[in-house]
Amino acid sequence: MENVILHPEKISFKRSYIGIKDTRYGNRRIPYKEIILGYLKVWDRESGGYYKPEITEVTRDMDGDLILYDYRHCCFHIRTDLVSETAGAMLGELTMHAPYILAGGQEWFDEHDEKQFAEIGKMVEIMKGCV
């Protein structure tokens, strides 16, 4: 499993991919068809830790980081502190372009479990056929 941490200066949601102008890696594209999981990593001031809100808890003004996984089990940790758009707004935009992905924090799912991850990939493939 690869983990890529991005610090974008600009993020744009194009017709078939997310365009990222990153401070360290330059221009990058993440095709929607490659993404199977997307959620937010949000700082909780009360507990002093991070949590993954479920999709029903996410609002457009929610700050945090956007976490994406692709079929190869590569994690793209997108920091949002340099861009004007919030993580909540970005997740909302992503779900408009890729409505078939598993979006939001999932209590029942451990993204580090290879077997569960493979099942999510199969589920996303089925959902793609419905869109």
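If you're wondering where the values come from, they're calculated on a predicted model, not measured in any experiment.
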Quiz item: If you count the non-hydrogen atoms of other residues, nucleotides and ligands that lie under 6.0 Å from CD in E107, is the total more than 12?
Solution: no

Self-check item: side chain to side chain donor-acceptor pair (under 3.5 Å) against N27, all qualifying residues, sequence neighbours excluded
Solution: none

Exercise. Grab the two heavy atoms, one from R24 and one from D22, that are nearest each other, plus how far apart they are.
Key: N-OD2, 2.9 Å

Quiz item: For P31, does its backbone N or O pair with a side-chain atom of E34 as donor and acceptor, under 3.5 Å?
Solution: no

Quiz item: Is the closest basic N to carboxylate O distance between D65 and K41 below 4.0 Å?
Solution: no

Quiz item: What's the verdict on side chain to side chain contact (heavy atoms under 4.5 Å, CB included) for R28 and L6, showing C-alpha distance, side-chain angles and the deciding distance?
Solution: CA-CA 10 Å; R28 241 193 141 110; L6 301 169; 4.0 Å; yes

Quiz item: Under 3.5 Å, is there a donor-acceptor pair between the side chain of Y25 and the main chain of P8?
Solution: no

Self-check item: Spacing of L66 atom CG and Y39 atom OH [to the nearest 0.5 Å]
Solution: 10.0 Å

Self-check item: Where V83 and M90 come nearest, the two heavy atoms and their spacing
Solution: CG2-CE, 3.5 Å

Quiz item: Taking the side chain from E2 and the backbone from C74, do they hold a donor-acceptor pair closer than 3.5 Å?
Solution: no

Practice problem: Could you tell me whether the side chain of T86 and the main chain of D63 form a donor-acceptor pair under 3.5 Å? | Solution: no

Practice problem: Mark yes or no for whether S12, through its side chain, and K14, through its backbone, hold a donor-acceptor pair below 3.5 Å. | Solution: no

Quiz item: Does the side chain of Y50 come within less than 4.5 Å of V42's, by heavy atoms?
Solution: no

Quiz item: What distance do I67 atom CD1 and H77 atom NE2 have between them, rounded to the nearest 0.5 Å?
Solution: 4.0 Å

Quiz item: What closest approach, in Å, do E57 and P53 show between heavy atoms, and which atom pair accounts for it?
Solution: OE1-CA, 3.1 Å

Quiz item: Are I30 and V4 in one and the same hydrophobic cluster, where Ile, Leu, Val, Met, Phe, Trp and Tyr link if side-chain heavy atoms are under 4.5 Å apart?
Solution: yes

Quiz item: Cluster question for you: counting only ILVMFWY and a side-chain heavy-atom cut-off of under 4.5 Å, with indirect links fine, are W108 and Y69 together?
Solution: yes

Quiz item: Is it true that I5 and W43 fall in one hydrophobic cluster, defined by side-chain heavy atoms closer than 4.5 Å?
Solution: no

Quiz item: Hey, does the side chain of E114 reach the backbone of E111 with a donor-acceptor pair shorter than 3.5 angstrom?
Solution: no

Exercise. Starting at CG of L91, measure out to CE of M96 and round the result to the nearest 0.5 Å.
Key: 12.0 Å

Quiz item: Between E125 and K122, is there a side-chain N and carboxylate O pair less than 4.0 Å apart?
Solution: no

Practice problem: Locate the shortest heavy-atom distance separating V124 from I35; write the atom from each residue and the value. | Solution: CG1-O, 4.3 Å

Practice problem: Can you see which heavy atom on M123 is nearest to which on L102, and at what distance? | Solution: CE-CD1, 3.9 Å

Quiz item: Around atom NZ of K52, are there more than 12 heavy atoms of other residues, nucleotides or ligands at under 6.0 Å?
Solution: yes

Exercise. Enter the distance from T23:OG1 to R79:CZ here, rounded to the nearest 0.5 Å.
Key: 10.0 Å

Practice problem: Please report the closest heavy-atom contact between Y17 and R29, naming both atoms and the distance. | Solution: OH-NH2, 3.3 Å

Quiz item: Are L94 and I18 close enough, and set up right, to give a side chain to side chain contact (heavy atoms under 4.5 Å, CB included), and what steps lead you there?
Solution: CA-CA 8 Å; L94 173 62; I18 301 171; 4.1 Å; yes

Quiz item: How many angstroms lie between CZ in F76 and CG in N3, if you round to the nearest 0.5 Å?
Solution: 10.0 Å

Quiz item: Can you check side chain to side chain contact (heavy atoms under 4.5 Å, CB included) on Y32 and I101, steps first, answer last?
Solution: CA-CA 9 Å; Y32 299 126; I101 69 167; over 6 Å; no

Quiz item: Is it true that atom NZ of K128 has more than 12 heavy atoms of other residues, nucleotides or ligands lying nearer than 6.0 Å?
Solution: yes

Quiz prompt | Pair K115 + D113: basic N to acidic O under 4.0 Å | solution = no

Quiz item: With under 30° as parallel and over 60° as perpendicular, where do the rings of H97 and F13 fit, or are they tilted in between?
Solution: parallel

Exercise. Before giving the answer on side chain to side chain contact (heavy atoms under 4.5 Å, CB included), spell out for I11 and I78 the whole-Å C-alpha distance, their side-chain angles and the decisive distance to 0.1 Å.
Key: CA-CA 10 Å; I11 294 180; I78 302 171; 3.6 Å; yes

Quiz item: How far does CD1 of I55 sit from OG1 of T95, to the nearest 0.5 angstrom?
Solution: 5.5 Å

